[in-house]
2 protein chains.
Amino acid sequence: MGKRVTILDVAAAAGVSRQTVTRAINDMGDISEPTKRKVLAAAERLGYRPSRFARSLVTRQKTHAVGLVVASLRNPYFTDIAADMLSEAAARKWQLMIAASERDSPELLQLLSTQVDVIVGHFGLPDAEIRDAAQGLPIVLLEGRSDLPGVHSVEVDIESGIGDAVSALRARGARRFGMVDSAYSERIRGAYEPTPKRQWFEAAVGDGLAGVVVGEESISGGGRAFAELMRLHPDIDAVLMFNDLMALGAVQSAHAIGIAVPGDVRIIGVDGLALGDAVDPPLTTISLDQQSLASNTLDIVEIIAKADFARIAPIHRTVRSKVLWRESA
Amino acid sequence: MGKRVTILDVAAAAGVSRQTVTRAINDMGDISEPTKRKVLAAAERLGYRPSRFARSLVTRQKTHAVGLVVASLRNPYFTDIAADMLSEAAARKWQLMIAASERDSPELLQLLSTQVDVIVGHFGLPDAEIRDAAQGLPIVLLEGRSDLPGVHSVEVDIESGIGDAVSALRARGARRFGMVDSAYSERIRGAYEPTPKRQWFEAAVGDGLAGVVVGEESISGGGRAFAELMRLHPDIDAVLMFNDLMALGAVQSAHAIGIAVPGDVRIIGVDGLALGDAVDPPLTTISLDQQSLASNTLDIVEIIAKADFARIAPIHRTVRSKVLWRESA
DNA sequence: AACCGATCCGTGAACCTTCACGGGAATGCC
DNA sequence: GGCATTCCCGTGAAGGTTCACGGATCGGTT
């Protein structure tokens, strides 16, 4: 099993005191060259490694860590966000710890909460559960909103983006609207429930709604769901895909089935992935400024930290979305 | 400024002892319901949050953390790896801390090294520098190899994949080979130096080599470099792109220039991204088993941990690569 | 009245490092 | 020889939590 080798073991082995070992390890001066070498050799021999916990405890931890929880690392949308968060965090001298909530959210949160100072992210849980699992840690909800104390948020105004997209699609002649929603809630909560995007979309299209199908959040899942939607409602001429990843699958699927895009059906995604520009036809999408999402989030995090993580009034921000017209719609 | 509120503050405020506060916070029994409520109320009021360092120090931290350093979070290849690492780590009850080495590698490593038990990843630094920055932490090199003590590795046998690809391309009639290499080293070390992939490729094609161009590691960078390569050497009939991301750009660029793929030029990437299947034509690629890369890595990490992080003989593993024939070559 | 078990709560120690300070030896100078 | 200086090194304390143990209180039993 082997106990941990501490600074005292090294000190004993080298025949010096703790402090001298510290001086050698962190090369601090006030130590002669021979002694330093002797200590370093002993440390090397014993495989000594300072406990990062003891060290942080006494140095009062100047650099903080923020834990980012994303739904999946397989979706470029989330990894782009992670990348932006990483830059923003680095610029502020914060460390970023990433976890994916694909499963076991509560356990994962509890584990994470022992390692970081703030938790930010997308969660597949009810707000109250999140708060409990976080054990009192401040939380920043991404693309969500809660009125619990200690739960901050950065919302994304997808709603207006959807509204804009629908009116523009109407202006371009679209009449029969369809949507592929995410089956996300099915996996998390056991039963499907309409996402906010679907609700906003339904409100926007009114009786122009022809049908909705749910699918898995992946390229292939989007492709399958799109094909199913078109099979059920062949007269649809405009489709909103839950996200760009699924929209990519839809474009591909349309190509395979022989549906012209945007000739027969206009396809529009959500997220604004750069990737959407690399396919044919380039994907029209409701894009949000991820950079701004990230910087707003870290702003909040920094405010919380400045307040020494004491309980402060929840902060809520909103970033706008806009339709990025490329060629698929 | 505000000093940190400790367990003693809460104890004083609630009129009980430290231990009772602990019992209330971690609800442990041996405490009456009214007292518990009283303590919890005091904690809430003061905004008390246990120090994760002090706590970890005494509980001897059962869950460890591994730090993953990737070159970029904008390349699906790396995020896929991160995703696999995350699953593997989670299955083993490890936490994963991700950092991107896009810049400041040494500082970043030092910061990271105070937070984790092992460091794994792709680094843009000489091995020795890595070792120094890691401050004695065990290191697992991804897709690399070093003979320094304490530096383990998981290599990827791209070389044989490139060999296989070249002979198959020859069998399909390719004669004039070109390559787009990564300009990576330029950014990191100031001057371009051929990557191993280029060296293996040149060895494989022999005097069939028509030309090499370097480009930035992105879709658009790949597209530009490919266009440049074809402008300089119009007779090329097969191109190896440094990675799939750049290959995606090449396919797109070929389409724009009016070069037929694979009719005029066969294009082949490296990485095996699932994304390559979503473009037209689907991308042929030298794929490696990322899952196995991740599991091998975490295997090593676990072995190191089992040895209580004592110095053990470096472990080296290799995962194979194989050509995934789709339609672009 | 003495005893007993159950229930609740508090005290000393441990975890491992760094910080602040103080002390000894060697050297140089008057 | 006495004294200050410099250079190395060691000791006590602190940092905030949890663990192991011991003590107090209380209702009930003999």
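First the proteins, then the strands, lettered A, B, ... as listed; each starts at 1.
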> For the side chain of A/Q19, counting heavy atoms from C-beta on, which of C/dA20, D/dT18, C/dT17 is nearest?
Replying inline: C/dA20

>> Is there a salt bridge (charged side-chain N to carboxylate O under 4.0 Å, His left out) between A/R74 and B/D84? Walk through the geometry before answering.
In response: CA-CA 9 Å; A/R74 309 272 179 197; B/D84 285 326; 2.8 Å; yes

>> Pair A/E193, A/S185 - check side chain to side chain donor-acceptor pair (under 3.5 Å), show working.
In response: CA-CA 6 Å; A/E193 45 192 73; A/S185 51; 5.5 Å; no

> Taking the side chain of B/I7 as heavy atoms from C-beta outward, which of C/dT17, D/dT17, D/dG15 is closest to it?
Replying inline: D/dT17

>> Of the listed nucleotides (C/dT11, C/dC9, D/dG16), which one gets closest to any side-chain atom of B/R18?
In response: C/dT11

> Looking at A/T20, does any N or O in its side chain come under 4.0 Å of the phosphate oxygens OP1/OP2 on D/dG10?
Replying inline: yes

> Among side-chain atoms of B/H316 and B/E155, is any donor-acceptor pair under 3.5 angstrom?
Replying inline: no

> Residues in side-chain contact (heavy atoms from CB on, under 4.5 Å) with A/A54, at least two apart?
Replying inline: A/S51, B/L57

>> Show the nearest heavy-atom pair for residues A/P314 and A/G150, with the distance to one decimal.
In response: CG-N, 4.2 Å

>> Under the criterion side-chain contact (heavy atoms from CB on, under 4.5 Å), I'd like the reasoning laid out for A/M97 against A/L68: C-alpha separation, chi angles, the key distance, then a yes or no.
In response: CA-CA 6 Å; A/M97 196 164 225; A/L68 171 65; over 6 Å; no

>> What is the distance, to the nearest angstrom, from the CZ atom on A/R49 to the P atom on C/dC16?
In response: 12 Å

>> With the threshold set at under 4.0 Å for non-hydrogen atoms, list the residues of residues 28-38 of chain A touching DNA chain D in residue-number order.
In response: A/D30, A/I31, A/S32, A/T35

> Below 3.5 Å, does any donor atom in the side chain of A/R55 face an acceptor in the base of D/dG15, or the other way round?
Replying inline: no

> For the helix from C/dA1-D/dT30 to C/dC30-D/dG1, what is the angle between the axes at its two ends, each from 5 pairs, rounded to 10°?
Replying inline: 70°

> Between the side chains of A/S32 and A/T35, does any donor sit under 3.5 Å from an acceptor?
Replying inline: yes

>> Side chain of B/T6, heavy atoms from C-beta onward: which of D/dC9, C/dT18, D/dT17 has the nearest atom to it?
In response: D/dT17

> Between atom CZ in A/F53 and atom C1' in C/dC15, what is the gap in whole Å?
Replying inline: 12 Å

> How many Å lie between CZ on A/R23 and P on C/dC19, as a whole number?
Replying inline: 11 Å

> Quick one: the side chain of B/R52 and the base of D/dG16, do they pair up donor-acceptor inside 3.5 Å?
Replying inline: no

> In whole Å, what is the span from the CG atom of B/L57 to the P atom of C/dA14?
Replying inline: 14 Å

> Does the B/N75 side chain pair with the main chain of B/S72, one donor and one acceptor, at a distance under 3.5 Å?
Replying inline: no

> From the list D/dG12, C/dT11, D/dT17, which nucleotide is the closest neighbour of the side chain of B/S17?
Replying inline: C/dT11

> How far apart are the C-alpha atoms of A/R317 and A/D299, what are their side-chain angles, what is the distance that settles it, and do they pass the side-chain contact (heavy atoms from CB on, under 4.5 Å) test?
Replying inline: CA-CA 10 Å; A/R317 301 227 180 142; A/D299 281 351; 3.3 Å; yes

> In whole Å, what is the span from the CG atom of A/L8 to the P atom of C/dT18?
Replying inline: 12 Å

